[in-house]
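Take a look at the structure set out below.
Values reported hereafter were calculated over all heavy atoms of this structure, with side chains retained and with hydrogens, waters and symmetry mates removed. Each residue takes its place number in the sequence, starting with 1.
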Amino acid sequence: MNYLIATLTTVLPILLAAVPPAAAAGAGELKCAELRPAVKSLKVMTMEPRRRGKAWLEGAPKTIFYTACDPRGLKTEEAEYQQKNLVLKTRFVHKSREDSKLICDALKSEEKLTSTFSEEARSSLDDFCRNNRKKDFDAVLVYDASPGTAPADPQKPIRQIFRLYNSKGFPSEEYAFDPSAELETRTLYRYDSKNNLLEKTDYGPQDDQLRRETYASDKLTASRTISLFGANDQLVKKTVYEYREDGALRRETATSYDAGEQALAKTVFLYGAKGGRETELVFQGDLEKQDHEYRYSYKSDVKGNWTEKRKVKLNLYEDKRFEDPRVAPQITKREIIYY
C-alpha cells in the first residue's frame, strides 16, 4: 500500500493537470492526441465495413479526421472529409506572449476612441487588452479554410483565444472572441496548493455559467473523479478513473444524470495491463442490469500505438454473451506520422 500511495502521489497530479479543458472554443480543442513519441500528423478514419462470407472486411473510409501538430503537441491544422470530399478545414496560429501583446497594441486600447479606429477597438477584445495589458498572456488565432465557405476576409480569424497565466505558469483564465472580436466564452481555472487542477468553469458573454467541471483524486482508492455540471449547476455526468499500482488506467465508469440528478445511464470501460481499452459494459435504465457489451481488439505500429481498432457488440442472453454475425463491427484506423 505504501508503494501504491507513493506512485499515486507522483502520477495523479500529472494526470489531473493533463486533463484537457472541454470548452467549445477552449484550449481542449487546441491540443493534439497525447501519443508517444510526439506526433506530426494524425489521420483517423471511420471505416464502412463490408461483409465477405463470414468475415467483415474494413471497407472504405466513411469519415476522415486529419490533424497536424507542432512539436509541443498543439494543433496547427484540422480537416474533416466525408468519403473523399473535404468539408471542413481549420488553421491554428499560436502566438508567442510577445506577439500576443502586439495584437493588443494594434488596437490602441489606451488611446481615446474616435470614429477612425476599427470596430475591434470598441470590442470585448479591446476591453480584455485594456484590463490585462500588464499581465502574462498568449493567444491562438483560428482561421476557417473550408472549401466553398471562405470568409470575406481570409486574413481575419474566426476566433481568437487569449489565455492568462498565474505566477506559477499555469492557465488562470481563458477568453474566446468571435470574428467581430466580441466575447464568446470566459473560462476560469482553480488549483490547489500543489497546482493540481480542481475546477474549470465556462461562462457566456453575459457572465452566465455554461458548464463547470470539478476534479478530485483519492490516493487510497487509486482513483480520480471528473464531475460535469450544467448551466444551472446540476450534475450532468460523473466519470471515475481507477488506476493500477504502476499508474496505468484499470477501469473507467461514466454515469450520466437527468435534470433531477438521478442516474440515467452508465458505461464501464475495462482496460488491459498496458492501459488499452478491452471491454465496454453498457447499462441503461436499470443500472444494476447490463444491457449489452462491446469487446475491443487492436493492431499496433512499432511504437506501440494502435493503427486499427475493432469494436464488436456482444448480446446478452441468460448470462451468456454471443456475437451477432449479422452486425458489422465498428472499425477505426489511424495513420500516424511521428517527429
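- Thr201 has its side chain within reach of Tyr203: a pair of non-hydrogen atoms, C-beta onward, lies under 4.5 Å apart.
- Here the closest heavy-atom approach between residue Lys101 and residue Arg133 is recorded as NZ-O, 3.0 Å.
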Quiz prompt | Residue pair Lys62, Glu48: steps toward the salt bridge (Lys or Arg N to Asp or Glu O under 4.0 Å) verdict | solution = CA-CA 6 Å; Lys62 182 168 53 176; Glu48 197 163 12; 5.5 Å; no
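- Residue pairs meeting the salt bridge (Lys or Arg N to Asp or Glu O under 4.0 Å) criterion with at least one partner in residues 296-305, sequence neighbours excluded, are absent.
- Around OH of Tyr339, the count of heavy atoms belonging to other residues, nucleotides or ligands within 6.0 Å exceeds 12.
- Exactly one of Arg310, Gln330, Glu280, Lys309 qualifies for a side chain to side chain donor-acceptor pair (under 3.5 Å) with Tyr296. That residue is Glu280.
- For NZ of Lys237, the number of neighbouring non-hydrogen atoms (other residues, nucleotides, ligands) closer than 6.0 Å is 12 at most.
- In this structure, the side chain of Asn305 engages the main chain of Arg36 through a donor-acceptor pair within 3.5 Å.
- For the residue pair Tyr165 and Asp138, a side-chain donor N or O sits within less than 3.5 Å of a side-chain acceptor on the partner.
- Taking CG of Leu188 as the reference point, atom CZ of Arg212 lies at 12.0 Å (rounded to 0.5 Å).
- Counting only distance, with no hydrogens or angles, the side chain of Glu98 and the backbone of Ser96 share no donor-acceptor pair below 3.5 Å.
- Distance alone, capped at 3.5 Å, places no donor-acceptor pair between the Tyr175 side chain and the Leu164 backbone.
- Cluster membership for Val236 and Leu264, using ILVMFWY side-chain heavy atoms within less than 4.5 angstrom, is not shared.
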Checking side-chain hydrogen bond (donor to acceptor under 3.5 Å, both in side chains) for the pair Tyr243/Arg224: CA distance, chi angles, key distance, verdict?
CA-CA 9 Å; Tyr243 296 90; Arg224 67 185 176 103; 2.4 Å; yes
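- Residue Val93 is grouped with residue Phe177 when hydrophobic side chains (ILVMFWY) are merged at heavy-atom distances under 4.5 angstrom, including chains of intermediate members.
- Below 30°, between 30° and 60°, or above 60°: for His292 and Tyr294 the angle between ring planes is above 60°, a perpendicular geometry.
- Side-chain contact between Asp291 and Phe283 is absent, with no heavy-atom pair separated by less than 4.5 Å.
- Atom NZ of Lys266 sits about 11.0 Å away from atom OG of Ser256, to the nearest 0.5 Å.
- Arg251 meets the side-chain hydrogen bond (donor to acceptor under 3.5 Å, both in side chains) test with no other residue; sequence neighbours excluded.
- Taking the six-membered ring for Trp and thresholds of 30 and 60 degrees, Phe162 and Phe137 have ring planes inclined between 30 and 60 degrees apart.
- Between the CG atom in Asp144 and the OG1 atom in Thr90 there is a gap of 6.0 Å [rounded to 0.5 Å].
- For the pair Leu88 and Leu86, the tightest heavy-atom approach, listed with the atom from each and the gap, is O-CD1, 3.4 Å.
- Not a single donor-acceptor pair under 3.5 Å links the side chain of Asn132 to the backbone N or O of Lys135.
- With sequence neighbours excluded, the residues forming a ring-ring contact (aromatic ring centres under 6.0 Å, His included) with Tyr191 are Phe170, listed by chain and number.
- Each of Glu252, Glu278, Arg250 was checked for a side-chain contact (heavy atoms from CB on, under 4.5 Å) with Tyr271, and the lone residue meeting it is Glu252.
- Under a 3.5 Å cut-off, the side chain of Ser146 and the backbone N or O of Lys89 do form a donor-acceptor pair.
- Formation of a donor-acceptor pair under 3.5 Å by the Gln209 side chain with backbone atoms of Gly230 is found in this model.
- The backbone N or O of Arg326 sits less than 3.5 Å from a side-chain atom of Asp324, completing a donor-acceptor pair.
- Hydrophobic clustering of Ile, Leu, Val, Met, Phe, Trp and Tyr side chains at less than 4.5 Å, counting indirect connections, keeps Leu74 apart from Tyr338.
- Proximity of a side-chain donor or acceptor of Arg277 to a complementary backbone N or O of Thr279 within less than 3.5 Å is not detected.
- Between the side chains of Ser124 and Glu182, at least one donor N or O lies within less than 3.5 Å of an accepting N or O.
- In summary, Asp70 and Arg72 engage in a salt bridge, as defined by a charged side-chain N under 4.0 Å from a carboxylate O.
- Judged by distance alone, the side chain of Glu261 and the main-chain N or O of Leu235 form a donor-acceptor pair under 3.5 Å.
- Salt-bridge check for Arg295 with Glu293: passed, with a basic side-chain N closer than 4.0 Å to an acidic carboxylate O.
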